[in-house]
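Atom set for the values below is all heavy atoms of this structure, side chains included, hydrogens, waters and symmetry mates excluded. Keep in mind that what you see is a predicted model, and the values were worked out from it rather than measured. Atoms within each ligand, like the ligands themselves, are counted from 1 in listed order.
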Amino acid sequence: MKLILLGPPGAGKGTQAAKIAERYSLAHISTGDMLRAEIASKTPLGIKAKSLIDSGELVPDEIIVGMVQNRIQQPDCQNGFLLDGFPRTIAQAENLLGFSDIDCAVCITVPDEEIIDRMARRRVCPVCKNTYSVDVNSAEHFFCEACGAELVARDDDKPETVKHRLDVYAAQTFPLVNFFREKGLLEEVCGSGTVDEVAQSIFKILEK
Ligand code: ADP
Ligand code: ADP
Ligand code: ZN
């Protein structure tokens, strides 16, 4: 299976990708995670990407396309892969279809108000990169269930940056919904239920 997960920031792509990848033994390829790893290692690519990511802009297509093309040649992608956060522009999608076939693009849809709330709650573990949703009204500190590290907010999850990311999504990424629909590859899922409800609707689509 070669899958794409589409959807606005905060739709739950990363959360669902982990479940789908585990169930079908697919390599989970998150371009956001790959870029954050480059930033953490202070590579030239990471240094270039950081200011773009923090301001809610996209990283240039050439950089991302090369990164994904290399990644899907790795042995763990032999059994299939799940792209989370890629493609994000029509140019990326056209490049992708030039070097790989794709079985299905699943688009997770969530209303904007819910996205703003989810992003305000999102915290990540700086060590294992697990994502959590916390109570923002609590004065408590939060810790990773897996490793105990203190959870942090992403630099690009500030409300003003989130608003800009939603505009960037509407202008540059949303057109992919039609792009994949016209190719007969699109499946749409409502992302508003619980994590398990959304996962069940995705499994149902993939198993039909
Ligand atoms: P989210 O989980 O909110 O959808 P990601 O973790 O996928 O966000 O991506 C974070 C940021 O990394 C994006 O806002 C963008 O700056 C950059 N990025 C990730 N994937 C891509 C891509 N395919 N093309 C361009 N930029 C990307
Ligand atoms: P994306 O990768 O699309 O940006 P994430 O998977 O990181 O989205 O989810 C964004 C935030 O919303 C996280 O804090 C996550 O824990 C939370 N979240 C994910 N799915 C749901 C859901 N179905 N209901 C409520 N919160 C969710
Ligand atoms: Zn952890």
Visitor: Could you tell me which atoms of ligand 1, counted from 1 in the order shown, lie closer than 4.0 angstrom to a heavy atom of T31?
Guide: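 Heavy-atom distances to T31 below 4.0 Å select 19 (C), 20 (N), 21 (C), 23 (N).
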
Visitor: Looking at G10, which atoms of ligand 2 are within less than 4.0 Å of one of its heavy atoms?
Guide: 1 (P), 3 (O), 4 (O), 8 (O), 10 (C)

Visitor: I need the atoms of ligand 2 closer than 4.0 Å to a non-hydrogen atom of V195, numbered in the order shown.
Guide: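 It comes down to these atoms of ligand 2: 20 (N), 21 (C), 22 (C), 23 (N).
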
Visitor: Would you kindly say whether N79 and S25 are connected by a side-chain donor-acceptor distance under 3.5 Å?
Guide: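 No, because no side-chain N or O of N79 sits under 3.5 Å from a partner of the opposite role on S25.
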
Visitor: Heavy-atom distance to atom 23 (N) of ligand 2: which of G193, G12, C190 wins?
Guide: G193

Visitor: Taking only heavy atoms of G14, which atoms of ligand 2 are found under 4.0 Å from at least one of them?
Guide: 1 (P), 2 (O), 6 (O)

Visitor: Can you list the ligand 2 atoms lying under 4.0 Å from a non-hydrogen atom of T194?
Guide: 23 (N)

Visitor: With atoms numbered from 1 as shown, which atoms in ligand 1 lie under 4.0 angstrom from a non-hydrogen atom of Q92?
Guide: 22 (C), 23 (N), 24 (N), 25 (C)

Visitor: Among all protein heavy atoms in this structure, tell me which lies nearest to atom 14 (O) of ligand 1, with the distance rounded to 0.1 Å.
Guide: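 Checked against all protein heavy atoms, atom 14 (O) of ligand 1 sits closest to R165 NE, 4.0 Å.
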
Visitor: Would you check the N or O atoms of V198, main chain and side chain alike, for any that come under 3.5 Å of an N or O of ligand 2?
Guide: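 Min N/O separation from ligand 2 is not below 3.5 Å for V198.
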
Visitor: Ignoring hydrogens, just give me the one of K50, M67, R36 whose non-hydrogen atom is nearest atom 6 (O) of ligand 1.
Guide: R36

Visitor: If we ignore hydrogens and angles and just use 3.5 Å, is the side chain of T161 paired with the main-chain N or O of D156 as donor and acceptor?
Guide: no

Visitor: Taking distance alone, with N or O pairs closer than 3.5 Å, would you say R122 contacts ligand 2?
Guide: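 N/O-N/O distance under 3.5 Å: yes.
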
Visitor: Identify, by atom number and element, the atoms of ligand 1 in contact range of E57, meaning under 4.0 Å from any of its heavy atoms.
Guide: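 Result: 15 (C), 16 (O).
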
Visitor: May I ask you to check whether T15 has an N/O atom sitting below 3.5 Å from an N/O atom of ligand 2?
Guide: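 Yes, there is a polar N/O contact under 3.5 Å.
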
Visitor: Does any N or O of ligand 1 fall below 3.5 Å from an N or O anywhere on R88, backbone included?
Guide: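 Yes; at least one N/O pair falls below 3.5 Å.
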
Visitor: I want to know if ligand 1 touches V59 in the polar sense, i.e. an N/O pair below 3.5 angstrom.
Guide: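 Yes - when backbone and side-chain N and O of V59 are compared with those of ligand 1, one distance drops under 3.5 Å.
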
Visitor: Which residue owns the protein heavy atom closest to atom 17 (C) of ligand 1, what's the atom, and how far is it?
Guide: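 The answer is L35 CD1, 3.6 Å.
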
Visitor: Using heavy-atom distances only, which candidate in R154, R123, R118 approaches atom 26 (N) of ligand 2 most closely?
Guide: R118

Visitor: What atoms of ligand 2 come within less than 4.0 Å of a heavy atom belonging to K13?
Guide: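 Heavy-atom distances to K13 below 4.0 Å select 1 (P), 2 (O), 3 (O), 4 (O), 6 (O), 8 (O).
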
Visitor: Using distance alone, decide if ligand 1 has a nitrogen or oxygen within less than 3.5 Å of any nitrogen or oxygen in M119.
Guide: no

Visitor: Roughly how far apart are L83 CG and R71 CZ, rounded to 0.5 Å?
Guide: 10.0 Å

Visitor: State, to the nearest 10 degrees, the angle whose vertex is the Zn ion (ligand 3) and whose arms point to SG of C128 and SG of C125.
Guide: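 Computed angle, vertex at the Zn ion (ligand 3), rounded to 10 degrees: 110°.
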
Visitor: Among all protein heavy atoms, pick the one closest to atom 11 (C) of ligand 1 and tell me residue, atom and distance.
Guide: I53 CG2, 3.9 Å

Visitor: What is the nearest protein non-hydrogen atom to atom 13 (C) of ligand 2, stated with its residue, atom name and distance?
Guide: T131 CG2, 3.5 Å

